[in-house]
Protein chains: 2
Amino acid sequence: GKMMWEKGKEVGVTMWEMGKEDPRRVIHSIKVGFAMTLASSLCLLQKEPPPFQGIGLNAIWAVITVVILLEFTAGATLRKGLNRVIGTVLGLLLVLIVERLSAHRPIPRAVFMGWTIFVFGAAATYMRFIPIIKKKYDYGVLVFILTFSMILVPNYYVNNTISMVRDRFYTIAIGCVMCLFLSLLILPTWSGDDLHKSTITKLEGLAQSVEACVGEYFGDAQRKEIQDKLPKDSIDQNCIKVLDSKYTDETMAFYASSEPRCRGNCYKSPWQQYVKFGAALRRFGYTVMALRGCLHTEIKTPPSVLALFKDQCTRLAGEVSKVLVELANSMRNRRHFSPEILCSHLHEALQDLHTALQSQPQILSDSTNRKDSRISPRTSFEANSSPLYESKTARPPEQVHGIQKVLRPQRSKIVIASLEFSEALPLAAFVSLLIEAVARLDHVIEEAKELGRIARFKERKPGDDIV
Amino acid sequence: GKMMWEKGKEVGVTMWEMGKEDPRRVIHSIKVGFAMTLASSLCLLQKEPPPFQGIGLNAIWAVITVVILLEFTAGATLRKGLNRVIGTVLGLLLVLIVERLSAHRPIPRAVFMGWTIFVFGAAATYMRFIPIIKKKYDYGVLVFILTFSMILVPNYYVNNTISMVRDRFYTIAIGCVMCLFLSLLILPTWSGDDLHKSTITKLEGLAQSVEACVGEYFGDAQRKEIQDKLPKDSIDQNCIKVLDSKYTDETMAFYASSEPRCRGNCYKSPWQQYVKFGAALRRFGYTVMALRGCLHTEIKTPPSVLALFKDQCTRLAGEVSKVLVELANSMRNRRHFSPEILCSHLHEALQDLHTALQSQPQILSDSTNRKDSRISPRTSFEANSSPLYESKTARPPEQVHGIQKVLRPQRSKIVIASLEFSEALPLAAFVSLLIEAVARLDHVIEEAKELGRIARFKERKPGDDIV
């Protein structure tokens, strides 16, 4: 009893939180309930005088249409509605044709109908595999098959095709109109807005990732508080979310592209540009992911070497992060940004890093040089011991298989760690990747500019850029 | 006329190719057509003697069930069937309860029903937002709402609830049994097989990517033929496909997990391990993507420097690629592999690269040293000219805005290219990333071993490894 009460309370809290997180969910649910009640009242009120009288039991199709069509976003509803109308109309047409043809056949009518259903069912199912139809009209083809078989089969008895076709068409049309009204005019939820917001979130997530990553690499104490606030996993997750966003982006853009709306004077829908921008972000994200990979490398660069570049790298990462945040802000306010102001600090930071690397040429030189500095040579000697040569020479017989199994996983890590030259190598890679990230950021900025142009963002005012 | 004929021929060819590419599509279409005919014959043959007589018009629900349930793979069909049964049963139960409650109410029955529909419709819609339900039972909740409203509303007139509920249940059960029979016993298509195959394809795609990438970086003439055969884009696409595979992988694994089959003696379904293996492959893929990023870097390393490491890097990449191909083969034949034999050449190649890097320590040293070698110093001087300093000092007034706009996109590329030290930096990054790739390959091998263990692959025979 008490256990169930606790459990029930927990579920209740979850549901409440879910609604608070996105109140549009509550609104959507109420809309669906309302639409269903309205549609069924067409049926329940049949004892009233016309014009409702004629609908009767067929009104159930209005209810079904409403339940199936009313999706969370306006774009999805429109897309489904379009499919439903096309599918229904084609299905009804086919029924009329088949009825006409089956009238004067020598073969029994049931056999003719059976064959028709087989042929059209199989053909339509096969068509669903065509990529363009699968992507855009999958639901329409399904509705076509359903409508076709649902009218043709009962019609074998009832034989009032015309009136059945008419009723079905009207009820589904009523359902569609209801859905369009509710999803477009009453507190609409736009796919395009979701896409816009998720793009902003991605930018901010990447900004955090870059900064946290560089901070962590140089063991920055100042960043500790950020890391504590946001656990490492969530930063990784931010980045992975960007990299995995292709499917959701494309779905949202697909729905958004059927949403009939324009802010002000836009003449072309910018949604495909959002997808392109997302692709540019993913390309940038791969570099960030590679940067994060440097954190887990097996070869540790000595802190004394790291310290030489810490300030420059941290500054550069900070500037990259600032650019991303500024892009997010300009997108949030739907205004243009100034690439010049945006990037000037970035280029200064890049130049600083350049200068630092030039002034410390010995860092990237051979290990003999490095041993002169403050690094204890012991670590590299230790690492350079046996396992490497074992792996090279001794291919173990099956007897020692068990031991090998235990040793194996660590082996190539040991091999890597024993590469003597390599203490500076990961640092070089890190710096190079950071520079690569800046280069890709350029591409992101390009696409953002193009996006601003196509979506006709507001003109930038002089005070807007707080870089 | 002729245009249409051409167009029609083209569509026909596409359809034919589609079927040849995967004949299971044709089989699936025929299955659906057959099932529909069978289900409608329940209705069409009603004039026959019992036991078919009782079904009559309600048999249309068997047709609908068949059309909706019969999915391409067995797993998807099962999952949908389960949802349909649960949804239908719950919906029917609710109808019975509401009927019982509405019998002795003071308020009009139509009003009571309207409220019931509103409350349950809204509540069920809201429940669809709960992540676990959205993922696993979304369709079930939809069926629940549909069943509930489709019985309750007409029942307002007909008032033979019990028989309606019974008929609906029977017809849907018949449809489900038909679907299960066709999808599980007649030429079944398994989601698990698709997942297995797509994993193999991914491994092979990555193997190609790694080899092509290193080959291209060192301008390998021998690789030219591979590059001509496979255009660069398709290699990139292979890699991106792996990185974007999360959604499809998880869907396939989700369906596969409900497929009731075991090869031989497996006791635990390995599908979640496939997902984990896919994640490891994606992590590996990020490094490959970063490696490919090095191809497009703005700073060109002189060929003479590249030539020093070409053989070692090419060999290492070749070994990585071989390991991936061998993993793909062992997976295709469902047998274990020997990590020792698999990796020994890899470790030798790694050691070679190490030796090469140690013997050429001056490569990674400062630019002054490098200028002593065969590299013409002119390129770096040229690159070091004005644009860099312009970007640092001159923040242009609005008048020259137009010119700036033209210059801007190239600017940070120029800044990067002018970094004098940096000719060796990308090479260092490339080598470091290659080593990082080897480290991550270890993780891939781990997961593959675990996969072999869970899925109970065959034992390896001595002659199996043709590394």
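What you see is a predicted model; the values in this text were computed from it and never measured. Below, read A as the first sequence line, B as the second, and so on, with proteins coming before strands; counting in each chain starts at 1.
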Point to revise | Engaged part of A:S149 at the chain B interface, taking heavy atoms whose separation is under 4.5 Å | key: both

Check your understanding: When the ring planes of B:F129 and A:F72 are compared, do they come out parallel, tilted or perpendicular, using 30° and 60° as the limits?
Key -> perpendicular

**Study point:** All pairs passing salt bridge (Lys or Arg N to Asp or Glu O under 4.0 Å) where residues 34-44 of chain A contributes a residue, at least two apart
**Key:** none

Check your understanding: Where is the tightest heavy-atom contact between B:F118 and A:T37, given as atom of each residue plus distance?
Key -> CB-OG1, 3.2 Å

**Study point:** Interatomic distance, B:M36 atom CE to A:T125 atom OG1 [nearest 0.5 angstrom]
**Key:** 7.0 Å

Check your understanding: A:M15 versus chain B, heavy atoms under 4.5 Å apart: side chain, backbone, both or neither?
Key -> both

Revision key, fill the gap. A:V26 and B:Y126 have their tightest heavy-atom pair at CG2-CE1, 3.9 Å

Review point. How would you list, by chain and number, every residue that makes a side chain to side chain donor-acceptor pair (under 3.5 Å) with A:R128, sequence neighbours excluded?
Key: A:D138

Check your understanding: Which atom names give the shortest non-hydrogen contact between B:R440 and A:M289, and what distance separates them?
Key -> NH2-O, 4.2 Å

Check your understanding: Heavy atoms, side chains only, cut-off 4.5 Å: are B:T14 and A:I130 in contact?
Key -> no

Practice item. Heavy-atom pairs under 4.5 Å with chain B are the metric here; pick the option from A:I145, A:L243, A:L441 that has the most. Key: A:L243

Study note, to complete from the structure: Note: vs chain A, highest number of non-hydrogen pairs under 4.5 angstrom among B:A39, B:G114, B:A35 is B:G114

Check your understanding: Any idea which of B:V119, B:L146, B:L70, B:L142 has the most non-hydrogen atom pairs under 4.5 angstrom with chain A?
Key -> B:L146

Review point. Does any heavy atom of chain B fall under 4.5 Å from the side chain of A:Y247, the backbone, both, or neither of them?
Key: side chain

Practice item. Check each atom of A:L433 against the heavy atoms of chain B and say whether the ones under 4.5 Å are side chain, backbone, both or neither. Key: side chain

Check your understanding: Can you name the nearest heavy-atom pair linking A:M150 to B:I60, along with the distance?
Key -> CA-CD1, 3.6 Å

Revision key, fill the gap. Taking every heavy atom of A:P131 against every heavy atom of B:M18, the minimum-distance pair comes out as CD-SD, 4.4 Å

**Study point:** Option in A:V63, A:L38, A:V32 with maximal non-hydrogen atom pairs under 4.5 Å from chain B
**Key:** A:V32

Check your understanding: Contact part of A:V67 toward chain B, heavy-atom cut-off under 4.5 Å: side chain, backbone, both or neither?
Key -> both

